[in-house]
Amino acid sequence: MPELPEVETIVNELNKVLKNRKIKEVFLNWDKLLKKRIKLEDFKKILKNKKILKVSRRAKNILIELENGLILLIHLKLTGRILYGEKSFIEKDPYLRFYLVLDNQKIMALSDLRKFAKILLIKKEELEKIEDLKDLGPEPLAKEFTLEKLIERLKNKNKKIKEVLMDQKVIAGIGNIYANEILWEAEINPFKLSKDLNQKEFENLYKAIRKVLSLAIKYQGSTISDEMYRDIYGKEGEYGKIRKVYQREGEKCFRCQSKILRKVQNGRSTFYCPKCQK
DNA sequence: AGGGGTACCTGCGGGC
DNA sequence: TGCCCGCAGGTACCCC
């Protein structure tokens, strides 16, 4: 479901409400959520009475840091949602899979229609060593992520640029919506090989990555249909309303009025303007 | 090593 | 109405 801007929004909101709260109770009704081989009873026992220190993000992963050097990692995959609020309200969610009862009686829950989401309990010191995080590329909004770093990572890739943008090992956090939006913004054809981009295109791509992702965070993510992303209070993201290509097949390009096309690429829908993304 | 296909799940909307 | 198909924000794992 969520890409970098959606996870960032969730993490910002969680930080305001979870910091310094204590976990009083744990509920889990979908065994496969827990990826690591840990007994459910042990998992619950470990979390109980632990204080939450802070919440952060790495790529599309939510990292909930607890006392005693523990981190609860949550990946929402396609349809995962984090909810926060009154138990009586949250219990009505038909896709509730996991929740924490906090010491203010509020609930932080994971709802997930398609059951792809996963939860991992790890030690802080092994954070950068675990499979899920060790191969991730740089954060595209970090200060250290310069144009030169982008070029360095893309100039030798003999793969189509859209696939490269979505590869978490190359750059972390970009998924199908924002890969499409970024390439429209940069006026680059999604099927062009990464290594064939010229200097000007790399510059445009770099600017587009920064612009699209930070604007999407400002608009608190994208909600395009009912099943899609919500923030922890159930509110929709506004970026979907100002998106340029994603799921706009057959509609007019906002730059040149040509019809937006859709093609399947790597099993995913690619939307682009055939005229200004040559 | 890296690419392609498929698996993991559920629900919705369109075509017949 | 009802069934079958394609499609959905993501990743992991298999095979070659």
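The chains referred to below are lettered A, B, ... by the order of the sequence lines, with proteins before strands, and numbering in each begins at 1.
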Counting only side-chain nitrogens and oxygens, does [X] get under 4.0 Å of the OP1 or OP2 atom of [N]?
X: A:Lys60; N: C:dG10; answer: yes
X: A:Lys35; N: C:dT11; answer: no
X: A:His75; N: C:dG10; answer: no
X: A:Gln168; N: C:dT11; answer: yes
X: A:Ser225; N: C:dA8; answer: no
X: A:Tyr95; N: B:dC9; answer: no

Proximity of A:Tyr239 and A:Tyr178 rings by center, below 6.0 Å: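 So the answer is yes for these two rings.
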Rounded to the nearest Å, what distance is computed from the [atom1] atom of residue [X] to the [atom2] atom of nucleotide [N]?
X: A:Lys169; N: C:dT11; atom1: NZ; atom2: C1'; value: 9 Å
X: A:Asp31; N: B:dC8; atom1: CG; atom2: P; value: 17 Å
X: A:Lys115; N: B:dG11; atom1: NZ; atom2: P; value: 8 Å
X: A:Arg268; N: C:dG10; atom1: CZ; atom2: C1'; value: 6 Å
X: A:Glu227; N: B:dT10; atom1: CD; atom2: C1'; value: 11 Å
X: A:Leu78; N: C:dC7; atom1: CG; atom2: P; value: 15 Å
X: A:Lys118; N: C:dC13; atom1: NZ; atom2: C1'; value: 12 Å
X: A:Arg57; N: C:dG10; atom1: CZ; atom2: P; value: 14 Å

Which atom of A:Pro140 lies closest to which atom of A:Arg210, heavy atoms considered: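 Minimum heavy-atom contact is O-NE, 3.5 Å.
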Contact summary for A:Pro5 and A:Ile217, nearest pair of heavy atoms: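 Between these two residues, the closest heavy atoms are CA-CG1, 3.7 Å.
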Paired nucleotide for B:dC9 [Watson-Crick or G-U wobble; both distances under 3.5 Å]: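 Across all strands, not a single nucleotide pairs with B:dC9.
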Sugar-phosphate only, base, or nothing, as touched by A:Arg262 at under 4.0 Å among non-hydrogen atoms: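 Touches sugar-phosphate only.
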Nearest-angstrom distance, P atom, B:dC9 to C:dC3: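 About 24 Å, rounded to a whole number of Å.
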Gap in Å between the two P atoms, one belonging to C:dT11 and one to B:dA1, rounded: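 C:dT11 and B:dA1 have their P atoms separated by 23 Å.
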Protein N or O to nucleotides 3-7 of chain B N or O, pairs below 3.5 Å:
none

NZ-CD distance between A:Lys155 and A:Gln199, expressed to the nearest 0.5 angstrom: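 Separation between the atoms: 10.5 Å.
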A:Arg21 side chain near A:Lys106 side chain, heavy-atom distance below 4.5 Å: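 No, side chains not in contact.
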Test item: A:Leu66 and A:Asn68 side chains (from C-beta on) under 4.5 Å apart, heavy atoms: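 A:Leu66 vs A:Asn68: side chains apart.
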Stacking check A:Phe116 vs C:dT11 (5.5 Å / 30 deg):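 No, the aromatic ring of A:Phe116 does not stack with the base.
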Name every donor-acceptor pair, under 3.5 Å, that has one atom in a side chain of residues 43-52 of chain A and the other anywhere in the protein, sequence neighbours excluded.
| unit_1 | atom_1 | unit_2 | atom_2 | d |
| --- | --- | --- | --- | --- |
| A:Asn49 | OD1 | A:Lys24 | NZ | 2.9 |
| A:Lys50 | NZ | A:Ile46 | O | 3.0 |

A:Arg114, nearest nucleotide to its side chain (from C:dG10, B:dC9, B:dG11):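 When the side chain of A:Arg114 is considered, B:dC9 is the closest of C:dG10, B:dC9, B:dG11.
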Presence of salt bridge, A:Lys118 and A:Asp132, under 4.0 angstrom: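 Counted as a salt bridge, because a side-chain N and a carboxylate O are separated by less than 4.0 Å.
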